[in-house]
Amino acid sequence: MLGLRKACHEARFTTLTPPLSPQTWPSYTRVLSVMRVRERTSPARRLDASHEERSLSSDGRRLDGAAHDGRDQTRRRSSVCARQRRRDFSRSVAVALAVIACIFSGKSARADEEEVVIRGAHRTPQRARKDPHGATTVIPREQLEAPGLRAGDVLRRQPGVAIVDTGGYGSLSTATIRGATSAQTPVYLAGIRLNDDVAGTADLSLVPLWMIDRIEVYRGHAPLEADRLGVAGAIFFEPRRPTRNEAAAGGMLGSFGSEAYFARAQTGNEHAGALFGVRFERARNDYSFTDDRGTRFVTEDDRNVLRTNADAATWDAWSIGTVKLSDRGRLDIIANAVSRNQGVPGLALLSTRSARARFDRELLGISTTLRCGLHCEWRSFAHALMAKSRIDDPEFEIGLGSAGISVRGTRAESGTELHLGLGSRVTLSPTLRLSAEELALAPLAQSGANANRLFARPGAQLDLRINDKASIRLVGAFEHQATSGPLRMPGSLDPPPAVPTSTQPMARASGSYAIGQDSELSLSAARYARVPTLGELYGISGGARGNPALRSEQGYVFDAGGKGRIPLGRTGVAYGEVFAFARFVDDLIAFRRASLSYLRAFNVGQSRTLGVETQLGISPWPFLLLEANATILDARDTSTEPAAQLPFRSRLIVAPRIELRSGRVQSLRLERARLEVRYVYQSNRTADPAGLIRIPEQGSLDVEAELTHFGGAWAVRAFAQNILDQPRYDLIGYPLPGRAFFVSAEWRVK
């Protein structure tokens, strides 16, 4: 495969050159073999060689001694040149066939290679780059461009994913996969994990969709590129990359006082590229909701009120650069800074007036990729993440136990990966990751407390290709974490905690079997662990205290299923996937009330999660796409008898959608017109272990429209959310916005 990539490069194919799939390799080798054999054995070549050897001596006379006049010599020389031109033409045709094979081959199994997207009638789901097998979902850029769209809105309609929101535009939003907790679900932005070490969660509202190229969701397991192999897969947000000269600017207006403005510019070629962008957005979030005054079954006292103290304003800046070091390497640099100031509205029944929050985050990533041989590639990287948050509660409205609290977290990590091809069927990928992180927690006007953690993970991945259809992947690693904490938390009388250390083995075995060129079956089994966060070990505030004696969560995950596509005629296609999964976790970590005045973290027991997730789609014509995703989940706490349903997990989520799309319309000078209608249904959920309190079922009907000018010079988009204005509550007392409308315009100069 690497030899063919080299052949494509030697053919001086100057556009992006995707690698070959195993199915394309035999065709290419046959082309080159036929070309070489014909050059060696064809009569024309032997005749040309004999003519060239006997043509002219050093003094200009013929070796055969025959007398020929000047016109005969000219004729013979013309014949030799014609044959040479024919041979050159045959060689050019063969190289052209090889280049075509490169273009129409499959996607790369390496994450750092560029992907060529060919627009056509068959709009099937893309394959994940880091691990194309198993239960994965790829969300392309065109599904991320609607105005007012948030990362949680995009992910909630994917199979196996559930979203927990706490309010409107700019409010906290977290993701869970297959019934896991948000602390068990790592989220990555440009390869850097966003989960904080206070609660272990990642806030999706701080992920900038305007700079995201695609989202890769790994539902069964995390790829080796993740710094945590995880109990519940992983979510990767991959940013745009500079590939051409372009400048763009745009704006958005919408309901509840929301507005946004952005500008970006990029320049790039095959040797280097740079991209810069900045965006400002804000919203009042003064939407209305029904206040039942704590009497859910008495409707006479219900009233509609406006959400107060829920405004948010965010600045977001990006800088991305890439440099080709040589024919064998590349250097990538990425930097992002985000700052948000917002109100803390509190619960529906206990709204606030003056509580405010400020959040700042900076991240920096540098990676180098070098080809160290024909079947060898080496990658090294270094990441840094700095996050600061501060909550001011001068009127003691949100129960922090003080007038405010500030949290500062830093993480620095580095690693290296080596990919070695051991023959044509075996690839070995040893890796090493190191990181150091610190959490500083301080109630306002009091002395603070610091906690530190050192992390090391040596591991390796072995890929075995049994034949053209079957392959096996084995992954093994050891995660070692050494943690040191404060002598005593502020306001606590507990004795000094011990210094916990943990070394956990991780292992995964998976296999896939291809059925034809467009379908496959896969099976995997894995063992994972999650070390308690620093917040769980040492506390979040005076009202939520930690427990240094916590044990790591341990989980066993199994899944099996298949996915594929079936062509329908010349322009249609049907596709689908079905996966069944099971997860068993021991020593779950949760906060429980230890006294009347505070909560404390404990290992609370075991859980068992079973489920099925499906995706079915059909595109009978290029302009129409019908798709439906569904997730059935049964998550239970097995430490009790009988096993109780785990709270805040919906047992059924269904998300159908219809998409209409046109190609270029010359008369209207349109590049694309698109209309999408989708609905997300979520069944009811329990809000307590006993199942006595239930959050009712809810749904949202959304409509998205887009018009793009011919050549992409401008684009107008509109987004209508929750058209039916259905009441939605995602957590107890957290009302969500009702009907909302957004519109945006974008201009591009190439």
Side-chain angles (χ1 to χ4, degrees), residues 1-22 24-25 28-29 32 98 102 105-116 128-132 190-192 223-227 229 236 238 241 243 268-273 320-334 365-383 413-435 456-465 471-478:
M1 190 178 294
L2 291 176
L4 183 51
R5 294 177 189 153
K6 183 178 180 181
C8 294
H9 177 73
E10 292 175 351
R12 300 189 183 279
F13 183 60
T14 57
T15 59
L16 296 177
T17 305
L20 287 177
S21 64
T24 313
W25 172 256
Y28 177 80
T29 54
L32 293 187
C102 290
S105 61
K107 293 181 174 61
S108 171
R110 295 290 306 119
D112 58 349
E113 293 173 351
E114 298 293 340
E115 176 186 6
V116 174
R129 298 182 184 180
K130 297 175 177 61
D131 190 347
I192 304 174
L224 196 63
E225 287 84 351
D227 70 333
L229 293 182
F236 284 81
E238 301 293 344
R241 300 288 180 176
T243 57
N269 53 34
E270 59 183 3
H271 300 291
I320 301 174
T322 179
V323 178
K324 187 177 181 181
L325 301 177
S326 64
D327 291 339
R328 292 177 173 269
R330 189 178 74 239
L331 173 67
D332 295 308
I333 302 175
I334 186 167
I366 302 175
S367 65
T368 303
T369 304
L370 295 173
R371 289 186 174 88
C372 48
L374 188 61
H375 302 283
C376 174
E377 186 175 88
W378 173 73
R379 177 175 176 264
S380 64
F381 56 88
H383 300 154
E413 59 183 345
S414 62
T416 182
E417 303 171 0
L418 184 63
H419 300 273
L420 297 171
L422 306 178
S424 60
R425 297 183 181 273
V426 181
T427 302
L428 178 63
S429 303
T431 66
L432 176 64
R433 300 188 74 113
L434 304 171
S435 69
R457 192 194 73 188
Q461 176 176 289
L462 183 66
D463 292 290
L464 305 173
R465 188 164 62 90
S471 63
I472 296 176
R473 170 166 291 182
L474 304 175
V475 178
F478 285 92

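Of the charged side-chain nitrogens involved, at least one lies within less than 4.0 Å of a carboxylate oxygen, so that Glu413 and Arg433 count as a salt-bridged pair. Salt-bridge check for Glu238 with Lys130: passed, with a basic side-chain N closer than 4.0 Å to an acidic carboxylate O.
Using a 4.5 Å heavy-atom cutoff, the side chains of Leu331 and Ile366 are in contact.
Residues Ala226 and Arg457 approach most closely at O-NH1, 2.8 Å, considering heavy atoms. The shortest heavy-atom contact between Pro223 and Asp131 is CB-CB, 4.5 Å. Contact detail for Leu418 and Cys372: the closest heavy-atom pair is CD1-SG, 4.1 Å. Gly365 and His383 get closest at one heavy-atom pair: CA-CD2, 3.7 Å.
For the side chain to side chain contact (heavy atoms under 4.5 Å, CB included) criterion with Val426, the lone passing option out of Asp463, Leu420, Leu462 is Leu462.
Qualifying side-chain contact (heavy atoms from CB on, under 4.5 Å) partners for Pro458, counting only residues two or more places apart in sequence or in other chains: Leu432.
Taken to the nearest 0.5 Å, the CG atom of Leu464 stands 9.0 Å off from the OG atom of Ser471. One distance of note links CZ of Arg330 with NZ of Lys324; it measures 10.0 Å at 0.5 Å rounding. Considering CD of Glu225 and OG of Ser429, their distance stands at 8.5 Å, rounded to 0.5 Å. Taken from CD in Gln461 to CG in Leu224, the straight-line distance is 5.0 Å, to the nearest 0.5 Å. Taking CG of Leu434 as the start and CG of Asp227 as the end, the distance is 11.5 Å to the nearest 0.5 Å. Taking SG of Cys376 as the start and NE2 of His419 as the end, the distance is 9.5 Å to the nearest 0.5 Å.
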